[in-house]
Structures are given as structure tokens and as C-alpha cells.
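Here's a structure for you.
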Amino acid sequence: MVYLKTEDEIDALRSANLLVSITLAELARVIEPGVTTKQLDTLAEQVIRDHGAVPTFKGFPNPYGPPFPASICTSVNETVVHGIPSDSVVLKEGDIISVDCGTLLNGFCGDSCYTFRVGEVSPQVLRLLDVTKASLYNGIEKAIVGKRLGDIGHAIQTHCERAGFGVVREFVGHGIGHEMHEDPQVPNYGKQGSGMALSNGLCIAIEPMITMGDPSIRMRPDRWTADTQDGKPAAHFEHTIAIHDGKAELLSTFEEIEKIEEKKYGKTSCD
Ligand code: MG
Ligand code: MG
């Protein structure tokens, strides 16, 4: 069942998503070699709770194992999604880390993810980040009245596959509202003109998960962490958007993160 949102509900979703963006920007300031993913988790939880919200990921149920134990997912290098923060995972120069963050604020959810560089990364890895992020915006461009769900997935898929990268099939974007995961599912692949027609009030998280090599994944015994089978790196960027006045409105933002990254690394990205 797809719930279209009212203006008031979109306002509430905007606040929850803004808080996710604030949290990710706080993490951007401290991500550097030597930092543990557990330290990032502690900081994220503090920022979220200081703003009167709850980290939606903490205690998130898993039908195959224990609930998620932390406030953010920290997925390093070959981990595609759902990496568990740990004292033993120490970031090092050349790593990439995707941080997926969710909030529940005044009964509405925020959900956004950014893949950060740790120091200087190889040109191939930088290209993976650029292509994945660009594919997210290509997908968002199609999230307008008059298009269909398949147009979003098609835009993401063609952009990434043309670059020689893999599109993960096991995880998809989703509707978002009172629940973090609502209908419809929003795959990162698809056929033009197929699937549900997009309409005003539709609020969805679009989140390409893209691999440098083969898109096959394998699950770790912890029943959360999904790694690429070939051990090559993966990137993940996610925005929550609302379709509003016929167009996509971003409810989350990377603006502050990108300012911080530019200060750290200069303008090395091709977007
Ligand atoms: Mg997410
Ligand atoms: Mg999501």
C-alpha cells in the first residue's frame, strides 16, 4: 500500500531528513585515518538524540538474526551495506566508508547515505564514487509526475553499467513516512516506462548501491553485513525525496558534507 503524503507530512519528513544530513555532516568533519567506526556511531547517536530524535536503525529487526545493534551502518570498502560499527574497524588512508543514517523525529523518518573518502583514494575508487553519486541524481531527475518507477531505476542502471560498474539487485530504495521502509520498492534497475506511475505526495528514498566489479554479494555470519563477493569496493549514496508540484524535492542534502570534503580534498570530484 502506497501512502501519498500531505504538505504537513512532507514538512515533518523534511525535518527528519535534515537531521540525517546534519548528522552525516558532523561525521564528515571527523572521518580520517585512525578513527574507528564505533566512534562514528557514538557521535551519530549523540547528534540524533541531542535533536530530540531516535536513531531508527538501532534495534531494527532482522528476520534472520539479531536486531541491528547500532545507530548507523558503516560499510567500509568491499562492504556494500549494513556494516556494523566496531572498535576493531579502524579507518585507514585510501579507504572508503559509506555511512547510512536514519532518524525518527516527531513520528517521521529520515534516511540518507553518503560514501566518504578516507584521505586520498585511488582514481578508480574516486570514479566509482562520482559515478554512483551522479547516478543518484540521474534517478532523482526522473522522479517527476509523468514518469514511472522503472524510469528511476533505468536511469541509475544505465549510467552505472555504461561506466562498467555493477548494480546490486538484492537491496532497493523504498517509500518512507511513519515507517522507514514503506511501499513502493524502488529498484536501481528497470525498464523505461514500466512500474507505478509517479504522483505528487510520493515520498521515496532512492539509493544506488554500485560495485566496481561484479554486483554479486555475500552475507557475513553476523546476518547483516553484505560484502561484494569479489572483494572489490562498493559505493552507496541515498537521498530521500518528495514529489511536490510535479517535481522531485530533495528532503536530505549533501551540501554541508560537500563543503567539508572540498575543504579537506579540494575539488577533485568530476561533478
Ligand atoms: Mg539508508
Ligand atoms: Mg533507505
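Whatever order the structure lists them in is the order used to number ligands and atoms, beginning at 1. One is the number of the first residue; the rest follow in order along the sequence.
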Does anything in residues 164-173 pair up under side chain to side chain donor-acceptor pair (under 3.5 Å), and if so which pairs, sequence neighbours excluded? none
Connected-component partners of F60 among ILVMFWY, side-chain separation under 4.5 Å: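 Grouped by the 4.5 Å side-chain rule, F57, F68, I84, M180, W224 form the rest of the cluster around F60.
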Return the set of protein N, O or S atoms whose distance to the Mg ion (ligand 2) is under 2.8 Å, each given as residue and atom.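 You should have found D111 OD2, H174 NE2, E207 OE2, E238 OE2.
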Is the distance from the ring center of H236 to that of Y114 below 6.0 Å? no
For the ring pair Y3 and H178, is the centre-to-centre distance below 6.0 Å?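 No, the ring centres sit 6.0 Å or more apart.
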Identify each donor-acceptor pair in which a side-chain atom of residues 144-155 lies under 3.5 Å from a protein atom, sequence neighbours left out, and give them as a table.
from: R148; atom 1: NH1; to: G195; atom 2: O; distance (Å): 2.7
from: D151; atom 1: OD1; to: G193; atom 2: N; distance (Å): 2.8
from: D151; atom 1: OD2; to: R148; atom 2: N; distance (Å): 2.8

Should F116 and I257 count as side-chain neighbours, where that means a heavy-atom distance under 4.5 Å? yes
